Amino acid sequence: MATTEAHNDHHHKETFIQKYVFSQDHKMISKQFLITGMTMAVIGMIMSTLFRLQLGWQGESFAILNFFLGDKWAPDGILDPNMYLALVTIHGTIMVFFLLTGGLSGTFANLLIPLQIGARDMASGFINLLSYWFFLASSVIMISSLFVETGPASGGWTVYPPLSALPQAMPGSGMGMTLWLVSMSLFVVSSLLGGLNYVVTVINLRTKGMTMTRLPLSVWALFVTAVIGVLSFPVLFSAALLLIFDRMFGTAFYLSDIHIAGEVLEATGGSPILYEHLFWFLGHPEVYIVLLPALGITSEVIATNARKPIFGYRAMIGSILAIAFLSFIVWGHHMFLTGMNPFLGSVFTFTTLLIAIPSAVKAFNYITTLWKGNVRLTPAMLFSIGMVSTFISGGVTGIILADSALDINLHDTYFVVAHFHIVMGLSAVLAMFAGVYHWFPKMYGRMMNRKMGYVHFWVTFICAYGVFFPQHFLGLAGIPRRYYTNSEFPIFDDLLGLNELVSVFAIIGAMVQFLFIFNFFYSMRRGQRATQNPWGSNTLEWTTPVEHVHGNWYGALPTVHRWPYDYSKPGKEQDFVPQDVPLEEDEMDGGEGH
Amino acid sequence: MMTILIILAVLLAILTIGQLLRVFEASSKLNGGTSLLPTVAENKYQGRSMFIFMLGFFAFFIWCMVEYGPYLLPEAASEHGVLLDRLLNFNFAIITLVFVITHVILFYFAMKYAYHPERKAYYFTHSNKLELLWTIVPAIFLAVIIVYGLSAWISITDDAPEGSLTIELYPKQFDWTARYSGEDAQLGASNYNMISGTNPLGLITDGSLDQMMSELEAEIAEIKVDLESAPVDGMKQEDLTETLGKRERQLNRVRGFRSFEAANRASGNDDILVKTEFYIPVGREIDFKFRSRDVIHSAYFPHFRAQMNCVPGMVTQFHFKPTITTAQMKAKTQNDDFDYLVLCNKICGAAHYNMSIVIKVVEEDEYNAWIAEQKTFSETISPADESEETASIVSEDAISMIEE
Ligand code: HEM
Ligand SMILES: [Cu+2]
Ligand SMILES: [Cu+2]
């Protein structure tokens, strides 16, 4: 309805390219991030099923391996060990960075920040556009590295030098590694552009009445995530840059005393440990860059569907801030066994275990939010409850790994794989699903099919635990991670059955994701039409029209009068009171906690 | 097992497809007509499913413990390992408790409070008392965990006591070499510039220096001949010149080692190098030192609850006292093939997964007998007593160097 189109008149008609390709509209950019992230996730997921085939039935031949990888990397259908490492590496990289950093933050920060704070768009549409295009370029380069003669990067997603610095050390450290580094550098640029934009938008563009203590927790989480990213990603950038120097220009930031492939290496004086410090200075905050948006989404979905205020709103903000602060001083827990001074190890153990406190507060607050609620178990809500479960069951094993003494025997075993998949991988993926089901009506104006959603949730949730829970036991049996096979050592033979079980769950779990994808695209076209506020939600995004318009609101921006969690407030007829509804006389804003 | 699983998978797939078809029917028929929100029946059903899931989850947990508990690592074979296992069990007890309690509440609430239009949720925004409770209670538990954990950590990472047996583990892609310090109880000096087919750790002794220098000089001379002789094309020439420069610089560095004090150069002579398996005496503190020749590796001794990264360019260490001999462990695990292993636990290349060395833990006298049989470094490199078994390690290494 061009006639009513508000303030920032976009009188010119947009071309297809302006609207769908080089869009500067945050809603479109959000969708672009989502679709790109999903595409990457499918690739990462297929990789995981391929290497799971090898791990479940070690050394057996599978035609499908040969189909995907060809004669070079899977001769006779048996996976090549170098390719195994390459798959693991790219899988990890894709999942952590492309799905759960770019995909997750990119989608929901873009969608939710302007809509929930009452802004017409991001502070800079152009920077936002750049952020997406850097992300896309970096994705394309990462994928193109799969087709390099010597294979993609294979040193694990952490790409520690000297392994990653020396092409002599493994084929994957050749051209594939160069592309990995280029791709990650572009990725960092994308994250920084996006992050700065999110921060500025939240600080400057909140609508009238939207004080910081009336922000939905999703915005708080996305905001703090962006701050963490802006502070830590540059360090990864330097780490990557120095590694590029070591690889190409003969510097020795990370290299010393190396004799490899029958040759003395002339680079001396550096230290691989320096790289580990730089990497994990980003790497640990990165875990929270993945997790905080997930927690933010969960907060919204749980409060809305429990028809109840999120319990302890201020404590939730406090714990986000505490987690963000602590996340910068714990990175050493990845390095207890690098020969660091044991006293320093103690310090990192201490700071790491401190994080358990704000995390516990969050978990208990979620549970209390359900207590005496009126819980609508939509697919989004099921995923969110699932997320609380994985956040707890993955979090508690963190207490074990944070204990430097216990880490001695568990470091780099499958116990770690189980831990980080459950606490970070599953929590964030489940929350991302929750977010998609919950905000799909906002994104596409239609509902996702609920029945398919239920099937998708249950198979995913069961398989997720089926894949990762048993891995604790593999780890406790002493099986190291990143092993192409563990049938080399008879001491692990008794566990092969468990590996097989894990692989079966992994394959079923992967297949059911296609149901989700089907539901996604099917509903986009043919789903039931959404109403303006289908979930009966309080936040501002549901005051915008169903159809997407530039500037988000027809007419003036809404004014905010209350916190976002007035669900089932006594004395109200409806069980929700949107944020733009003025307070009645004598009514207290529920967020004013004492 | 396999067939059951496949059947299970197929069943699940069929179920899924069945569900799907029903869904399609429903959605096409009712498009526009169904409520946007779950019905009362759906809520109830999903809530109940949540609780049943939880029961299934706990059952799966117990099944894993019963079925695979026996195959976890056997009892710790080192003194500090016993301590660590106790600490681990203590922590596990706490986290299992937390896990079970929170999950019961979470899934119970999901079932109990499933939506009903008649009910209104309780408007409960916050409670300082409750929030304080779940800040302080975890803090107390964590304080205990931290104090207990760090006291273990500090005692484990203390300096090795006097009289420990020092052993160096030196990994490369993809094997391990163990080095004993010999009679002088001193690991001899070493440098990566000295590494050669006969000197896999690059020990610096008078013998190895002579050998290294003559090897390098010979190679340099050869390259020079190549360069001067006959037509070599431009590329080749460049390569040769580059190699020449490298060898010359290496020779220079090696020459520098001559200025080491004689005593220093002597202490490597009696060092003992072994591959594939090495012996340690039970009941004696072993002080391991680690270096690496190429990339980062990690020496992982699962049965001793010990691990340390091996990083090129630096020396790391870990000490422990083995308490159970290999023979005793064979009896305990009722497995005649049991052997203690050091595995590599830091991704290091294609064969990372089978890079290991066997440790035999034996009684002191057996150890003494074994070590007395081993050749010292000076014996292995001096060409004088050329015998067939010039320690397998040397020839093996020479071969692998040639391959490289
Ligand atoms: C289909 C589901 C998935 C399966 C079956 C799966 C399985 C695995 C396995 C078996 C490994 C190799 C462990 C090793 O040998 O070190 C691995 C590595 C990894 N996965 Fe997943 N995974 C899945 C989903 C995810 C998700 C959602 C994430 C996002 C956080 C993720 C992140 C990682 C990371 C970071 C690594 C480590 C890569 C490395 O070692 O360099 N995975 N995964
Ligand atoms: Cu961390
Ligand atoms: Cu290794």
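It should be emphasised that the depicted structure is a prediction, and the values quoted were computed from it without experimental measurement. The sequence lines fix the lettering, A, B, ..., with proteins before strands; numbering per chain opens at 1.
In this structure, no portion of Thr369(A) lies under 4.5 Å from any heavy atom of chain B. Looking at Leu476(A), the atoms closer than 4.5 Å to chain B (heavy atoms on both sides) sit in the backbone and in the side chain alike. Heavy-atom distances place the backbone of Tyr567(A), and not its side chain, under 4.5 Å from chain B. Heavy atoms closer than 4.5 Å to chain A are found in both the backbone and the side chain of Ser127(B). Residue contact with chain B, scored on non-hydrogen atoms closer than 4.5 Å, is absent for Leu474(A). For chain B, the nearby parts of Pro534(A) are the backbone and the side chain; heavy atoms of each come within less than 4.5 Å. For His103(B), the part sitting under 4.5 Å from any heavy atom of chain A is the side chain, from C-beta outward, and nothing else. At a 4.5 Å heavy-atom cutoff, the contact between Phe124(B) and chain A is made by backbone and side-chain atoms alike. At a 4.5 Å heavy-atom cutoff, the contact between Ser154(A) and chain B is made by backbone atoms alone. If you measure heavy-atom distances from Ile491(A) to chain B, the contacts under 4.5 Å come from the side chain alone. Contact of Ala363(A) with chain B is not made at all, since no heavy-atom distance falls under 4.5 Å. If you measure heavy-atom distances from Cys348(B) to chain A, the contacts under 4.5 Å come from the backbone alone. Heavy-atom distances place no part of Phe304(B) under 4.5 Å from chain A, backbone and side chain included. With a 4.5 Å cut-off on non-hydrogen atoms, Leu130(B) touches chain A through its side chain but not through its backbone. Heavy atoms of Pro441(A) lying under 4.5 Å from chain B are absent altogether. For Leu354(A), no part lies under 4.5 angstrom from a heavy atom of chain B. Residue contact with chain A, scored on non-hydrogen atoms closer than 4.5 Å, involves the side chain of Leu341(B) exclusively.
Taking Asp575(A), Thr349(A), Ile385(A) one by one and counting their heavy-atom pairs under 4.5 Å with chain B, the maximum is reached by Ile385(A). Chain A forms the most heavy-atom pairs under 4.5 Å with one residue out of Phe92(B), Phe141(B), Phe99(B), and that residue is Phe92(B). The most heavy-atom pairs under 4.5 Å with chain A, out of Ile156(B), Thr135(B), Thr333(B), Leu87(B), come from Leu87(B). Contact tally against chain A (heavy-atom pairs below 4.5 Å) for Arg249(B), Met314(B), Lys112(B), Gln317(B): the top residue is Arg249(B). Contacts with chain A were tallied for Thr157(B), Leu150(B), Thr316(B); Leu150(B) has the most, counting heavy-atom pairs under 4.5 Å. When each of Arg291(B), Arg119(B), Met308(B) is checked for heavy-atom pairs under 4.5 Å with chain A, Arg119(B) comes out on top. When each of Glu42(B), Met54(B), His116(B), His303(B) is checked for heavy-atom pairs under 4.5 Å with chain A, Glu42(B) comes out on top.
Looking at heavy atoms from C-beta onward, Pro312(B) lies out of side-chain contact with Ser256(A) at the 4.5 angstrom threshold. Side-chain contact between Phe492(A) and Leu343(B): present, with at least one pair of heavy atoms (C-beta onward) separated by less than 4.5 Å. For the pair Ile408(A) and Arg305(B), the minimum side-chain heavy-atom distance is 4.5 Å or more. Between Thr125(B) and Trp563(A), the closest side-chain pair of non-hydrogen atoms falls below 4.5 Å. Side-chain contact between Pro470(A) and Tyr68(B): absent, with no pair of heavy atoms (C-beta onward) separated by less than 4.5 Å. Here the side chains of Phe364(A) and Thr102(B) are in contact, with some heavy-atom distance below 4.5 Å. Contact annotation: the side chain of Trp458(A) approaches that of Met50(B) to within less than 4.5 Å [non-hydrogen atoms, C-beta and beyond]. Using a 4.5 Å heavy-atom threshold, the side chains of Ser298(B) and Asp412(A) count as separate.
More than 12 heavy atoms of other residues, nucleotides or ligands shown are found within 6.0 angstrom of OH on Tyr148(B).
Ring pair Phe60(B)/Phe469(A) is tilted by interplanar angle, where 30° to 60° counts as tilted. The aromatic rings of Phe61(B) and Phe473(A) sit perpendicular, their planes meeting at an angle over 60°, well past the 30° parallel limit.
Heavy-atom minimum distance, Leu163(A) versus Gln173(B): CD1-NE2, 4.0 Å. Taking every heavy atom of both residues into account, Ile296(B) and Pro272(A) meet most closely at CD1-CB, 3.8 Å. Of all non-hydrogen atoms in Ala306(A) and Ala121(B), the two that sit nearest each other are O-CB, 3.9 Å. Residues Tyr160(A) and Lys346(B) come closest through the heavy atom pair CE1-NZ, 3.8 Å. Of all non-hydrogen atoms in Ile399(A) and Asn91(B), the two that sit nearest each other are O-ND2, 4.4 Å. In this structure, Ile367(A) and Phe109(B) approach most closely via the heavy-atom pair O-CD1, 3.4 Å.
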I would like to know whether Glu131(B) and Asn365(A) meet side-chain contact (heavy atoms from CB on, under 4.5 Å); could you show each step before the answer? CA-CA 8 Å; Glu131(B) 284 161 85; Asn365(A) 282 3; 4.0 Å; yes
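Listed for the Asn43(B) side chain is a donor-acceptor partner under 3.5 Å among the backbone atoms of Leu377(A). Between the side chain of Gln307(B) and the main chain of Asn409(A), no donor-acceptor pair closer than 3.5 Å is present. Under a 3.5 Å cut-off, the side chain of Tyr465(A) and the backbone N or O of Phe57(B) do not form any donor-acceptor pair. For the pair Gln46(B) (side chain) and Leu382(A) (backbone), a donor-acceptor distance under 3.5 Å is absent. One N or O on the side chain of Arg450(A) and one on the backbone of Leu36(B) form a donor-acceptor pair closer than 3.5 Å. Side chain of Asn193(B) to main chain of Val264(A): no donor-acceptor pair is present (N/O by atom type, distance under 3.5 Å, no hydrogens or angles).
Aromatic rings from His126(B) and Phe311(A) are positioned such that their centres are separated by 6.0 Å or more. Taking the ring centroids of Tyr353(B) and Tyr484(A), they lie under the 6.0 Å cut-off.
With sequence neighbours left out, the side-chain contact (heavy atoms from CB on, under 4.5 Å) criterion links Pro171(A) to Asn82(A), Thr150(A). For Asp80(A), there are no side-chain hydrogen bond (donor to acceptor under 3.5 Å, both in side chains) partners at least two apart in sequence or on another chain.
Checked options Ile400(A), Leu406(A), Leu353(A); the residue passing with Ile145(B) is Leu353(A) (criterion: side-chain contact (heavy atoms from CB on, under 4.5 Å)). Partner of Tyr192(B) under the side-chain contact (heavy atoms from CB on, under 4.5 Å) criterion, out of Ile258(A), Asp257(A), Ile260(A), Leu265(A): Asp257(A) alone.
One finds no salt bridge joining Lys246(B) and Glu266(A) here, because no Lys/Arg side-chain nitrogen approaches an Asp/Glu carboxylate oxygen to under 4.0 Å. Comment: Arg247(B) engages Glu263(A) in a salt bridge, judged by a side-chain N to carboxylate O separation of less than 4.0 angstrom.
In this model, no donor atom of one side chain and acceptor atom of the other lie less than 3.5 Å apart for Trp153(B) and Asp403(A). For the residue pair Tyr123(B)/Asp566(A), the side-chain donor-acceptor check at 3.5 Å is satisfied.
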